[in-house]
Amino acid sequence: MGGTTIRLLLAVGMLLLGGGARAQQLSIWHDLGDNGTKWFNEAMEDFARTHPGVSIKPVSYPTDQWFGRVTAAINTDTAPDLIYNNYERVIRIATQTGKIMDLKAALAGVPDHGYLSDDDLRVATYRGSMIILPIQRVQMAFGARKSWMAKVGEGFPVTWEDTKRTARKFQDNDPDGNGKPDTFGFALQASNARSLIHMLDLFVFGSGLKHTVIDPDGKIVIDEPRHAQVLEAFLRIFANDKLVPPDTVNYAFNEMYQVIEGGRAGFFRVGDWNVNKWTKQAIEGDFVAGPWPKFFPDLPNAVVIGGMRGVAVPENSPNKALAVQFAQFLLSKPAQQISLNTVGSAVRKDLDTSALVEQSKRFANPEWNLVAYDFPESIHPWYSQLEEAYYRKLMAAIASPPADWQAFIKQTAEEMRATAKTLAAKPN
C-alpha cells in the first residue's frame, strides 16, 4: 500500500472519529446589519479554535423581513441553525411557530454566567421556557445634533420645555444651513403598534415613570396624572406641534433611520449599537447622547435599557447540538468582547473598553441614570393584542386631534381596561 493511500485512509479515519463538529457550517439570521455580521464572523474565528472545521454564515435581514423569513423557514422545516434578535421579536416567533428550544439547560452549562441579573433571566423566559440566551443589553439614549444646537444657540436639553423649544428651532431656523425648509425637530416612527409604543416607552421610562400601558398586576396606568402628562406631550409632537416629517405615521425602523442618517432630524433615539456607524459614517459623529427629557422636578430622567438581544435555537435547527454550543459561546468573555467592540453592547462586566469610540464608552461605563423597561410581553401573554388596540386609538387621535387630550386619555384608559379584562379571561 503506497504512502499516499495510507495518508488518505488516515485522513478519512480521523474525519470519521473526529466528531460531528468538523466541516460544518452554522447559519444565523439576525437584523443587526454589517456590524452584526462582523461580530458573528469574528466570534466564529475564536469558536473554531476549539471546533476545527466549523464556520458560520450570518445573514442580516431588515427587521420586518426577518419576522416573515424566520417564521416561514421554521414552519417549513428549512430553519436556520440559530436566530438572533430582541427578546420581544423572538417571543413573536415562539408564539407563531411553537418551535423555539428551551435553553435553560444550555445556560446551566455556561460556567460563569453570574453576571446575568434576575431581570436578564426574566426577560429571557416566556411561558416558562428560556427562549433566548441574553447576550446584549440594549441601552437607548436621547440624541441631538451637536452642530445644530450650536447653530440655534441651545445646549443639550434637560427638561421637556428645553426639548420642545429647541426642536422648534431645529425645524424653523435652517440648522443645516442649506437654505431649505427640510429639517425636523424629531425623528420618530409610528407605522405599527410596536414602532409607536416603543417611542412612547422611551419618553415614559426616560422621564422616571414605571410602565407605559399596564403594570405587572394588570392595572392600566395611562390615565394616571403623570403618565397622562407625558402621553399628551408625546402625541402633540405628531398631532398639534407637527415636529416630525408629515409621513412619520408610515415610518418603521428603516424609514426613521433614513431621516436620522440623512441629516434631517435634530432629536432622535441613539442605541448603543448605532454609535460606531454614526461616528464613522452617516452623521460622522455630529451628535451627543444623553438622558431622555425630564418632565418632573422630583424624578430623575434617564437612559433606558429598552430590551435584551439574545440568541435562540429553533427546535428544527439542522445542527442543533452544535448550534447550542455556539449560543453558549456567545456568553464567553472573548465573544462578549467582540460584541462590545463591533456592536457596542454586551452583558458581561469584565470587558476592556479602551478601544471604543468616546460615545460608546459612555454607554459601556454609563455615568447617566439607567432605568429598565418592564417587559410586559413576558408577564402578560396577551399584551401584544392590548398594544394593538391602544395603537389604533392613538393613531386615530394623531389623525384627528381631540379638543381635550386629557378627556381622550381618560376614555382610552377605560377602553383599555375593558380590553385587558377580556384578553386576560381568554385561555392561553
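The shown structure was predicted, so the numbers you read here are calculated from the model rather than taken from an experiment.
Taking the charged nitrogens against the carboxylate oxygens, Asp241 and Arg236 have no contact shorter than 4.0 Å, which rules out a salt bridge. Ion pair Asp217/Lys219 not flagged as a salt bridge, since none of the NZ, NE, NH1 or NH2 atoms sits closer than 4.0 Å to an Asp/Glu carboxylate oxygen. With salt bridges taken as basic N to acidic carboxylate O contacts below 4.0 Å, none links Asp102 and Arg127. A salt bridge links Arg89 and Asp31; the closest N-O separation between the charged side-chain nitrogens and carboxylate oxygens is under 4.0 Å. A salt bridge does not link Arg362 to Glu358: none of the charged nitrogens lies less than 4.0 Å from a carboxylate oxygen. Under 4.0 Å is where a charged nitrogen must lie from a carboxylate oxygen, and between Glu377 and Arg92 no such pair does. Residues Arg137 and Asp120 are paired through a salt bridge, judged by an N-O separation under 4.0 Å between the basic side chain and the carboxylate.
Between Trp39 and Tyr84, the ring planes are perpendicular. Angles over 60° get that label, and only those under 30° would be called parallel. Using cut-offs of 30° and 60° on the angle between ring planes, the pair Trp292 and Phe142 is tilted. Relative orientation of the Phe186 and Phe267 rings is tilted, given thresholds of 30° and 60° on the angle between their planes. The aromatic rings of Phe234 and Phe203 sit tilted, their planes meeting at an angle between 30° and 60°.
Using a distance-only test at 3.5 Å, with no hydrogens or angles considered, a donor-acceptor pair links the side chain of Asn316 to the main chain of Ile74. In this structure, the side chain of His380 does not engage the main chain of Trp382 through any donor-acceptor pair within 3.5 Å. Side chain of Thr166 to backbone of Thr163: no donor-acceptor contact under 3.5 angstrom is found. The main-chain N or O of Phe47 is found under 3.5 Å from a side-chain atom of Thr50 such that the two form a donor-acceptor pair. Looking only at distances, no side-chain donor or acceptor of His198 sits under 3.5 Å from a matching main-chain atom of Ser195. The closest donor-acceptor contact from the side chain of Ser129 to the backbone of Thr125 lies at 3.5 Å or more, if one exists at all.
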Please test Ile83 against Ile100 for side chain to side chain contact (heavy atoms under 4.5 Å, CB included), starting from the C-alpha separation and ending with a verdict.
CA-CA 10 Å; Ile83 60 174; Ile100 296 299; 4.0 Å; yes
Step-by-step side chain to side chain contact (heavy atoms under 4.5 Å, CB included) determination, Ile28 to Val59:
CA-CA 6 Å; Ile28 184 165; Val59 180; over 6 Å; no
Yes or no on side-chain hydrogen bond (donor to acceptor under 3.5 Å, both in side chains) for Asn276 and Thr279, after CA distance, side-chain angles and deciding distance?
CA-CA 5 Å; Asn276 275 342; Thr279 298; 5.8 Å; no
Verify salt bridge (Lys or Arg N to Asp or Glu O under 4.0 Å) between Asp176 and Arg145, making sure each step is shown before the conclusion.
CA-CA 10 Å; Asp176 61 356; Arg145 289 296 296 269; over 6 Å; no
If you apply the rule side chain to side chain contact (heavy atoms under 4.5 Å, CB included), what do you find for Gln25 with Val54, and how did you get there?
CA-CA 6 Å; Gln25 183 178 73; Val54 180; over 6 Å; no
Please lay out, stage by stage, how Glu415 and Thr412 fare under the test side chain to side chain contact (heavy atoms under 4.5 Å, CB included).
CA-CA 5 Å; Glu415 291 182 24; Thr412 300; 5.6 Å; no
Check against side-chain hydrogen bond (donor to acceptor under 3.5 Å, both in side chains), Ser191 and Asn250:
CA-CA 4 Å; Ser191 68; Asn250 300 315; over 6 Å; no
Please assess Arg417 against Asp223 for the test salt bridge (Lys or Arg N to Asp or Glu O under 4.0 Å), listing each intermediate value before the final yes or no.
CA-CA 11 Å; Arg417 289 185 182 100; Asp223 60 340; 2.7 Å; yes
In sequence, state the C-alpha distance, the side-chain angles, and the governing distance for Arg194 and Asp201, and then conclude on salt bridge (Lys or Arg N to Asp or Glu O under 4.0 Å).
CA-CA 10 Å; Arg194 188 80 293 257; Asp201 290 334; 3.0 Å; yes
So Tyr87 and Phe375, ring-ring contact (aromatic ring centres under 6.0 Å, His included) or not? Walk me through it.
CA-CA 9 Å; Tyr87 80 99; Phe375 312 117; 5.0 Å; yes
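Nearest heavy-atom pair, Ala190 versus Leu196, reported as atom, atom and distance to 0.1 Å: CB-CD1, 3.7 Å. Across every non-hydrogen atom of Asp272 and Ser345, the tightest pair is OD2-CB, 3.2 Å.
Checking Trp273, Phe205, Tyr373 one by one against Met140, the side-chain contact (heavy atoms from CB on, under 4.5 Å) holds for a single residue, Trp273. When each of Asn254, Thr248, Asp247 is checked for a side chain to side chain donor-acceptor pair (under 3.5 Å) with Tyr251, only Asp247 meets the rule. Considering Gln359, Met149, Lys146 as possible partners of Phe287, the one that fulfils the side-chain contact (heavy atoms from CB on, under 4.5 Å) test is Gln359.
A search for salt bridge (charged side-chain N to carboxylate O under 4.0 Å, His left out) contacts involving Glu88 returns nothing, not counting sequence neighbours.
Atom CG of Leu330 and atom OG of Ser339 lie 8.5 Å apart (nearest 0.5 Å). Note that the CG atom of Leu133 and the CE atom of Met101 stand 9.0 Å from one another [nearest 0.5 Å]. In this structure, CZ on Arg348 lies 9.0 Å from CG on Leu116, to the nearest 0.5 angstrom. The line from CG of Leu209 to CG of Leu231 is 11.0 Å long, rounded to the nearest 0.5 Å. With values rounded to the nearest 0.5 angstrom, Phe40 atom CZ is found 9.0 Å from Ser60 atom OG. The distance from atom OG of Ser360 to atom CD of Gln139, rounded to the nearest 0.5 Å, is 10.5 Å.
Side-chain contact, Tyr391 with Glu387: no donor N or O sits under 3.5 Å from an acceptor N or O. Side-chain polar atoms of Arg309 and Gln136 form a donor-acceptor pair below 3.5 angstrom. Side chains of Thr37 and Asp34: a donor-acceptor N/O pair is absent below 3.5 angstrom, by distance only. A side-chain N or O of Ser27 and one of Asp81 form a donor-acceptor pair less than 3.5 Å apart. One side chain, Asp286 or Ser147, offers a donor N or O that lies under 3.5 Å from an acceptor on the other.
Taking the side chain as every heavy atom from C-beta outward, Phe363 and Thr353 never approach each other to under 4.5 Å. In this structure, Ile220 and Leu386 have side chains that are in contact, with non-hydrogen atoms separated by less than 4.5 Å. Looking at Ile132 and Val311, their side chains never come closer than 4.5 Å, going by heavy atoms from C-beta outward.
Residue-environment remark: NZ (Lys99) exceeds the threshold of 12 foreign heavy atoms within 6.0 Å. The environment of CG in Asp118 is sparse: at most 12 heavy-atom neighbours from other residues, nucleotides or ligands sit within 6.0 Å. Counting heavy atoms of neighbouring residues, nucleotides and ligands inside a 6.0 Å radius, atom NZ of Lys393 exceeds 12 of them.
At least one test fails for Arg226 against the ring of Phe295: distance under 6.0 Å to the centre or angle within 45° of the axis.
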